[in-house]
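No experiment lies behind these values; they were computed from the predicted model shown.
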Amino acid sequence: MKMWILLLATATSIVSLSAKSDPDQRLTGTWQNEEHHILLTIEETNDGIRVRRNTQDQWYTYLQIRDRQFRDRQGNIYYLNNKDQLEWEDHTSKKHLRFNKISSANARDNQWRESPENRGSNRDKYIERNHHYGTSRSPSVSAHQLNGRWINESTGQAIQVEGKNNKLRVRAHKGGWDTFYRHDANTFVDKRGNRYDFTRNRLTYTSRLGDFRMEFKQY
């Protein structure tokens, strides 16, 4: 029995290493946006990715929230559209940049640099896009506005909400605190993809698979 377990573990390790060694299946590498002359270096981490622009020294961390989607603490998201195309979306879901993966050799040969007129500017295109959760014409709700005790009137279940700096901390009865980060004007999402939507003075929880919903009213 021990021999079978050892063989199974070895086989699993080989498959895992083979998948990671396939460059077409990895985010790690160099990505470029031709329109705005932006070059990114991306490295995979245990719980997501970290990203650095070639003109900066600072790394930005993005946690994986679901398959092919990564979000930072401010609610900005990277979507992997396919193995060669990555799209960045800001927390308002209005600002987008698309990047194509290039080989390390091409990155060295191109010697890409941000052009002076684009560096640090706000010339990125704004695109209307409604695929994100909680699409709404309602004014943006502040996280602080959601502070307090909320109750589901059908079951009597209560949650405590603490809102601050574009994020919510939510605790159910006798449970621990879970953190939800702003995704758009009225939506907050945790790192697993569960979310709270604020509409018509109600706070609605939806599980990441969409198979469980619960509505709360503030008291």
Side-chain angles (χ1 to χ4, degrees), residues 19-104 106-107 110 112-114 118-135 140 165-168 178-197 206-210:
K20 288 185 177 180
S21 64
D22 183 355
D24 288 340
Q25 302 301 320
R26 299 185 62 185
L27 274 163
T28 295
T30 305
W31 299 77
Q32 68 180 15
N33 174 280
E34 295 185 1
E35 182 180 3
H36 299 286
H37 300 280
I38 300 173
L39 195 70
L40 300 179
T41 297
I42 296 181
E43 294 182 358
E44 296 177 60
T45 64
N46 291 333
D47 50 8
I49 59 174
R50 65 176 193 152
V51 183
R52 179 178 63 83
R53 290 172 73 151
N54 73 314
T55 56
Q56 300 176 353
D57 294 327
Q58 183 175 358
W59 288 91
Y60 296 90
T61 300
Y62 288 73
L63 298 179
Q64 183 167 3
I65 57 173
R66 57 179 62 85
D67 186 37
R68 296 170 175 257
Q69 293 186 24
F70 306 84
R71 187 182 62 242
D72 68 6
R73 295 177 64 87
Q74 285 71 47
N76 306 306
I77 293 182
Y78 275 103
Y79 298 88
L80 184 62
N81 293 330
N82 56 57
K83 67 178 183 180
D84 294 319
Q85 188 181 88
L86 189 66
E87 182 169 351
W88 178 83
E89 175 181 284
D90 81 332
H91 68 278
T92 67
S93 300
K94 294 180 180 179
K95 191 174 183 180
H96 300 262
L97 288 171
R98 288 184 178 178
F99 297 86
N100 295 313
K101 193 172 187 181
I102 62 175
S103 68
S104 298
N106 286 339
N110 290 342
W112 272 53
R113 295 290 184 271
E114 294 181 49
N118 287 330
R119 188 180 298 120
S121 69
N122 294 315
R123 298 182 58 201
D124 303 335
K125 287 186 177 179
Y126 282 75
I127 305 171
E128 291 297 329
R129 176 156 153 178
N130 296 317
H131 74 274
H132 59 278
Y133 290 130
T135 300
S140 176
N165 296 334
N166 280 328
K167 66 181 180 182
L168 302 180
D178 292 311
T179 303
F180 293 76
Y181 300 95
R182 183 181 293 279
H183 181 68
D184 65 15
N186 297 291
T187 302
F188 298 82
V189 184
D190 70 8
K191 64 181 181 180
R192 294 179 296 275
N194 306 305
R195 75 181 193 268
Y196 278 97
D197 295 292
T206 305
S207 65
R208 67 184 182 88
L209 297 178

Asks: Could you point out which residue of L97, I49, L80 forms a side chain to side chain contact (heavy atoms under 4.5 Å, CB included) with L86?
Replies: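 With L86 as partner, side chain to side chain contact (heavy atoms under 4.5 Å, CB included) holds for just one option, L80.
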
Asks: Just so I know, are the side chains of D84 and N100 near enough to count as touching, which here means a heavy-atom distance under 4.5 Å?
Replies: no

Asks: For T41 and W59, which heavy atoms make the closest approach, and how far apart are they?
Replies: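 In this case the closest contact between T41 and W59 is O-CZ3, 3.6 Å.
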
Asks: What closest approach, in Å, do W88 and N76 show between heavy atoms, and which atom pair accounts for it?
Replies: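 Closest approach of W88 to N76: NE1-CB, 3.7 Å.
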
Asks: Working note: V189 + F180, criterion side chain to side chain contact (heavy atoms under 4.5 Å, CB included); need CA distance, chi angles, decisive distance, verdict.
Replies: CA-CA 5 Å; V189 184; F180 293 76; 5.5 Å; no

Asks: What do the steps show when you test T30 against N54 for side chain to side chain contact (heavy atoms under 4.5 Å, CB included), and what is the final call?
Replies: CA-CA 10 Å; T30 305; N54 73 314; over 6 Å; no

Asks: Using 0.5 Å steps for rounding, measure from the CD1 atom of I38 to the CD atom of Q32.
Replies: 11.0 Å

Asks: The criterion is ring-ring contact (aromatic ring centres under 6.0 Å, His included); which residues satisfy it with Y62, sequence neighbours excluded?
Replies: Y78

Asks: Rounded to the nearest 0.5 Å, what separates atom CG in N194 from atom CZ in R66?
Replies: 9.0 Å

Asks: Looking at every non-hydrogen atom in both residues, tell me the closest pair between T187 and D197 and how far apart they are.
Replies: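 Minimum heavy-atom separation between T187 and D197: OG1-OD1, 2.6 Å.
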
Asks: Do you know the tightest heavy-atom contact between L27 and E44?
Replies: N-OE2, 3.2 Å

Asks: Is it the case that more than 12 heavy atoms not belonging to R73 sit under 6.0 Å from its CZ atom?
Replies: no

Asks: Measure the spacing between CZ of F188 and CG of N166 and express it to the nearest 0.5 Å.
Replies: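 Here the rounded value is 6.5 Å.
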
Asks: First locate atom CD of Q56, then atom CG of L40, and finally report the distance between them rounded to the nearest 0.5 Å.
Replies: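 The CG atom of L40 is 9.5 Å from CD of Q56, to the nearest 0.5 Å.
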
Asks: Hey, could you give me the CG/CZ distance between N165 and R182, rounded to the nearest 0.5 Å?
Replies: 10.5 Å

Asks: Which atom names give the shortest non-hydrogen contact between R98 and N33, and what distance separates them?
Replies: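 So the minimum-distance heavy-atom pair works out to O-ND2, 2.8 Å.
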
Asks: Taking only residues two or more places apart in sequence or in another chain, which ones pass ring-ring contact (aromatic ring centres under 6.0 Å, His included) with Y181?
Replies: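 None.
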
Asks: What distance do R50 atom CZ and F70 atom CZ have between them, rounded to the nearest 0.5 Å?
Replies: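 Going from CZ on R50 over to CZ on F70, the span is 15.0 Å.
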
Asks: Does this structure show an ion pair linking D47 with K191, if we count only N-O contacts that are shorter than 4.0 Å?
Replies: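 Salt bridge: no.
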
Asks: Show the nearest heavy-atom pair for residues K83 and W31, with the distance to one decimal.
Replies: O-CH2, 3.6 Å

Asks: Going by side chain to side chain contact (heavy atoms under 4.5 Å, CB included), name the residues that satisfy it together with I65, two or more places apart in sequence or in a different chain.
Replies: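 In terms of side chain to side chain contact (heavy atoms under 4.5 Å, CB included), with neighbours along the sequence ignored, I65 is linked to Q69, R71, I77.
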
